[in-house]
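Numbered from 1 within each chain, the chains take letters A, B, ... in sequence-line order. All values below come from the heavy atoms of this structure, side chains included, with hydrogens, waters and symmetry mates left out. Because the structure is predicted, anything quoted here is derived from the model rather than measured.
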Amino acid sequence: MRMSHMFGRTLREAPADAEIPSHQLMVRAAMIRPLGAGLYSLLPLGLRVIRKVEQVVREEMDAIGGQEMLMPVVHPSDIWERSGRFFEVGPEMTRLKDRGDRDLVLAMTHEEVVTDLVSTEVNSYRQLPQIVYHIQTKWRDEPRSRGGLIRVREFTMKDSYTLDTDAEALDTGYEKHAVAYDRIFTRIGLDFIKVGADVGMMGGSKSEEFMAFSPNGEDTLFICPNGDYAANREVAEFRRDDPAPEDLLPVEEVETPDTDTIAKLAELLDIPLSRTAKAVFYIGESGRFIFAVIRGDLDVNETALRQATGEATLTPATADQIRAIGAEPGYGSPVGVEGAVIVVDESIRQSPNLVAGANRPGYHLRNVNLGRDYEADIVTSFASAWEGAPCPVCNAPMKLERGIEVGNIFQLGTRYTEKMGATYLDKDGKAQPVVMGSYGIGIGRNAAAVVEQRHDERGIVWPISIAPYHVSLLSLGKEAEVIEATDRLFAELEAAGVEVLYDDRADRPGVKFTDAELIGNPIRLSISKRTLGAGEVELRLRTETDSEMVPADEVVGRVTGIMADLFAELDPDSGA
RNA sequence: CGGGGUGUGGCGCAGUCGGUAGCGCGCGGCGUUUGGGACGCUGAGGUCGGAGGUUCGAGUCCUCUCACCCCGACCA
């Protein structure tokens, strides 16, 4: 490609509304342009990156037996009604009508279409297992898009689906995906980790996320320094030590004026936070009052609490709602309340003789004990982990990291196939629901994550696997012999299968160097009157600050050799 | 949806007390330059986000509205 005719210009300054590096650099480097909130055009340079990410994904999906297909972006709403998600998913899914007043939805994912296809295409256990996938547009009307390509509303996603006869076979397909994903993210040069995750709106039983490390990531991860455990904050567990057993002491009311927070209470009574029981009040989506009880030194993980209660949303209760069940804001305890679902964290069960509210202003109770003084409807774990929390496996203090979710894998089970009647006949001729898994990779987000991890003050430092071009070729000077020599090298490189972005513009050298570094192709070649006089070409890697002079007739071989080395560095089979 | 912020030429910005819109970069032409974002001359390009209002007069004041960004809520 000759830069003199490339569509899209580089920008000297980033748009004022771009804050994170990947957003700024991809706009400046003429890869993306904003159209609206969460909507981006891909310019030719950016599209090349996206296509390369897609191709890596495609190769690895094919390698585990995936069959590529393509499903529509617009769906008739009835399949979503049959799965139930038409009613479960909120405004994130866009609904529209066609000219015949028929209800349609814009696809935010494709479980429904796959399941619908399965019901007609799969009839026998002999056809299973299967892996199908497509790489296609998704529309999710996010409440808030952000960060360039990190979180957008319209985006390209690879979604694949495993179809199996039983849970054991599902494990196999799931594990194949875990391996394929490892290879994909390695090949595109990401520094990443697989963590345990919440199943969210996808439902199902098991889910893990692949997280690219980045301070600009939206997720918080807890990671064991010994590699024994890694989880999204939403589901992160930690080791809970059993406190020394104590005899249960009698309940005793204590006057605590103006002590409406746990911190004040602990100070007033001169006890550690861990000797108090904290009450947190929510109203669930069903309208039930959710009364969460947790040890005073811990915080509620609302995702875990939603899971435990089966409530899709939890809204903090108002003071009036709290009083309506017989509790008192600031002085609440589960002792004597009525009409609430009492959910107790494990920390409480393990801790005897805690201080809790007396459900009247200015008073608390000492020596409150679960089972003696009140009963729980649910006892489970819903405490948030924290930086330094003990690893649930080895007890080492966990590190807190930020990550960008670049892929996720879900075991769906029969959630969709049962509802939509996607069955196969087993060996006994009996109809059984197909067991499904669902696996996603956001293509554009991956490209952005790579930029977040691989850039410097001058621009992007692409890994060769997804760089827009392998080589930036610069002609320095307008002398005819320089132009001719650069034209010739351009042709030779292309003939050798090297992808070249040829900066043939009439600009000064500084402009070309700067743009080459901004765009970030891995190999830079420069030809000028000076190099020509010595019969050489200057070669510099984007990752290096020193150049190398290469005899003109060795350049193509040298470049292809470097390319092979660069690809090898990203090769998951090389053991590097 | 709550909180904060910004809308002036392609990008970055200025615009005082209300007086008829300017700077840098970029872009076209000519000339001089050519190894780290050159210089001179010259030229093109703006419904000042939109609507309404106040006023002799609005980029500027008032009202409404739209869009975008950031934090939170939410989120496969």
For this session: Using the P atoms only, state how far B/rC30 lies from B/rA67, rounded to an integer number of Å.
Result: 45 Å

Problem set entry | Nucleotide nearest A/Glu517 (side chain, heavy atoms from C-beta), chosen from B/rG36, B/rC68, B/rG12 | B/rG36

Problem set entry | Of the listed nucleotides B/rG12, B/rC70, B/rG35, the one nearest the side chain of A/Pro15 | B/rG12

For this session: When you get a sec, tell me which of B/rC74, B/rC75, B/rG12 is the closest nucleotide to the side chain of A/Glu13?
Result: B/rG12

Exercise. For A/Arg9 and B/rG37, what is the distance between atoms CZ and P respectively, to the nearest whole Å?
Worked result: 18 Å

Problem set entry | Nearest to side-chain heavy atoms of A/Lys478, which nucleotide of B/rC70, B/rG12, B/rU34 | B/rU34

Exercise. For atom C1', what is the distance between B/rC23 and B/rC17, given to the nearest Å?
Worked result: 23 Å

Exercise. Under 4.0 Å between a Lys/Arg side-chain N and an Asp/Glu carboxylate O for A/Asp198 and A/Arg306?
Worked result: no

For this session: Could you check which of B/rG35, B/rC11, B/rG37 has an atom nearest any side-chain atom of A/Leu11?
Result: B/rC11

Problem set entry | is_close_aromatic(A/Tyr161, A/Tyr439), centroid dist under 6.0 Å | no

Exercise. Between A/Glu311 and A/Tyr282, does any side-chain donor sit less than 3.5 Å from a side-chain acceptor?
Worked result: no

Exercise. 5'-most contact on RNA chain B: A/Glu209 or A/Gly148, nearest heavy atom basis?
Worked result: A/Gly148

Exercise. To the nearest Å, how far apart are A/Arg12 CZ and B/rC27 C1'?
Worked result: 13 Å

For this session: State the pairing partner of B/rC74; accept Watson-Crick or G-U wobble contacts with both distances under 3.5 Å, and report none otherwise.
Result: none

Problem set entry | Distance, C1' atom - from B/rU8 to B/rG3, rounded to whole angstrom | 27 Å

Exercise. Of the candidate nucleotides B/rG35, B/rC11, B/rG72, which contains the atom at the shortest distance from the side chain of A/Arg144?
Worked result: B/rG72

For this session: Would you classify A/Glu218 as touching base, sugar-phosphate or nothing, given that sugar-phosphate means primed atoms plus P, OP1 and OP2, and contacts are heavy atoms under 4.0 Å?
Result: nothing

Exercise. Separation of A/Ile519 atom CD1 from B/rG37 atom C1', in whole Å?
Worked result: 13 Å

Problem set entry | Pair partner, B/rC61 [Watson-Crick or wobble, under 3.5 Å] | B/rG53

For this session: Just call it for A/Ala18: base, sugar-phosphate, or nothing, with non-hydrogen atoms closer than 4.0 Å on any strand.
Result: nothing

Problem set entry | Closest nucleotide among B/rC13, B/rC27, B/rG72 to the A/Ala16 side chain | B/rC13

For this session: Verify the distance criterion only: is there a donor paired with an acceptor across the side chains of A/His177 and A/Thr162 at less than 3.5 Å?
Result: no

Problem set entry | Counterpart base for B/rA21, defined by Watson-Crick or G-U wobble contacts under 3.5 Å | none

Problem set entry | Polar contact flag, side-chain donor to acceptor under 3.5 angstrom, A/Asp515-A/Thr10 | yes

Exercise. Once you round it to whole Å, what is the distance between P of B/rG35 and NZ of A/Lys512?
Worked result: 12 Å

Problem set entry | Any strand: nucleotide that pairs with B/rG43 via Watson-Crick or wobble, under 3.5 Å | B/rC27

Exercise. Taking the same atom, P, in B/rG31 and in B/rG18, what whole-Å distance lies between them?
Worked result: 50 Å

Problem set entry | Pairwise P distance, B/rC62 and B/rG5 [rounded to whole Å] | 15 Å

Problem set entry | B/rG35 base / A/Arg540 side chain donor-acceptor hit below 3.5 Å | no

For this session: Determine the contact category for A/Arg445: base if any of its heavy atoms lies under 4.0 Å from a base atom, sugar-phosphate if only primed atoms, P, OP1 or OP2 are that close, otherwise nothing.
Result: nothing

Exercise. Does A/Arg33 put a side-chain nitrogen or oxygen below 4.0 Å from OP1 or OP2 of B/rG10?
Worked result: no

Exercise. Distance between the P atoms of B/rG50 and B/rC70, in whole angstroms?
Worked result: 24 Å

For this session: Could you state the atom-to-atom distance from CE of A/Met211 to P of B/rC75 in whole Å?
Result: 14 Å

For this session: Please confirm whether A/Arg95 makes a cation-pi placement over A/Phe86, using NZ or CZ under 6.0 Å from the six-membered ring centre and within 45° of the ring normal.
Result: yes

Exercise. With rounding to whole Å, what would you report as the distance between B/rA51 and B/rG59 at their P atoms?
Worked result: 12 Å

Exercise. What does A/Thr315 touch in the nucleic acid at a heavy-atom separation under 4.0 angstrom: a base, only the sugar-phosphate, or nothing?
Worked result: nothing

For this session: Consider the side chain of A/Ser528, meaning its heavy atoms from C-beta on, and name the nucleotide among B/rG35, B/rC70, B/rU34 that approaches it most closely.
Result: B/rG35

Exercise. Base, sugar-phosphate alone, or nothing: which one does A/Gly147 contact when heavy atoms must sit under 4.0 Å apart?
Worked result: sugar-phosphate

For this session: Could you tell me whether the side chain of A/Glu54 and the main chain of A/Ile443 form a donor-acceptor pair under 3.5 Å?
Result: no

For this session: Quote, to the nearest angstrom, the C1' distance that separates B/rG10 from B/rG40.
Result: 24 Å

Exercise. Taking atom C1' of B/rA38 as reference, at what distance in whole Å does atom CG of A/Leu476 sit?
Worked result: 15 Å

For this session: Please tell me if the side chains of A/Ser475 and A/Ile527 come closer than 4.5 Å, counting only heavy atoms from C-beta onward.
Result: no

Exercise. Which one is paired to B/rU6, where only Watson-Crick or G-U wobble pairs with both distances under 3.5 angstrom count?
Worked result: B/rA67

Problem set entry | Mate of B/rU16 where both pairing distances stay under 3.5 Å, Watson-Crick or G-U | none

Exercise. Donor-acceptor pair under 3.5 Å: do we get one between A/Arg505's side chain and the base of B/rG37?
Worked result: no

Exercise. In whole angstroms, how far is the P atom of B/rG37 from the CG atom of A/Asp515?
Worked result: 13 Å

For this session: Mind checking A/Tyr439 for me? I need base, sugar-phosphate or nothing, with any heavy atom below 4.0 Å counting as a touch.
Result: nothing

Exercise. In whole Å, what is the span from the CG atom of A/Asp198 to the P atom of B/rC75?
Worked result: 9 Å

Exercise. On a plain distance test, is the side chain of A/Arg28 in donor-acceptor contact with the base of B/rG37 below 3.5 Å?
Worked result: yes

Exercise. When we call it a touch if two heavy atoms are under 4.0 Å apart, what does A/Ser207 touch: a base, just sugar-phosphate, or nothing?
Worked result: nothing

Exercise. Any salt bridge between A/Arg146 and A/Glu218, counting N to O under 4.0 Å?
Worked result: yes

For this session: Assign each of A/Arg508 and A/Ala37 to its nearest nucleotide of RNA chain B by heavy atoms, then name whichever residue's nucleotide is nearer the 5' end.
Result: A/Arg508

Exercise. Across all strands shown, which nucleotide pairs with B/rA38 by Watson-Crick or G-U wobble geometry, both distances under 3.5 Å?
Worked result: B/rU32

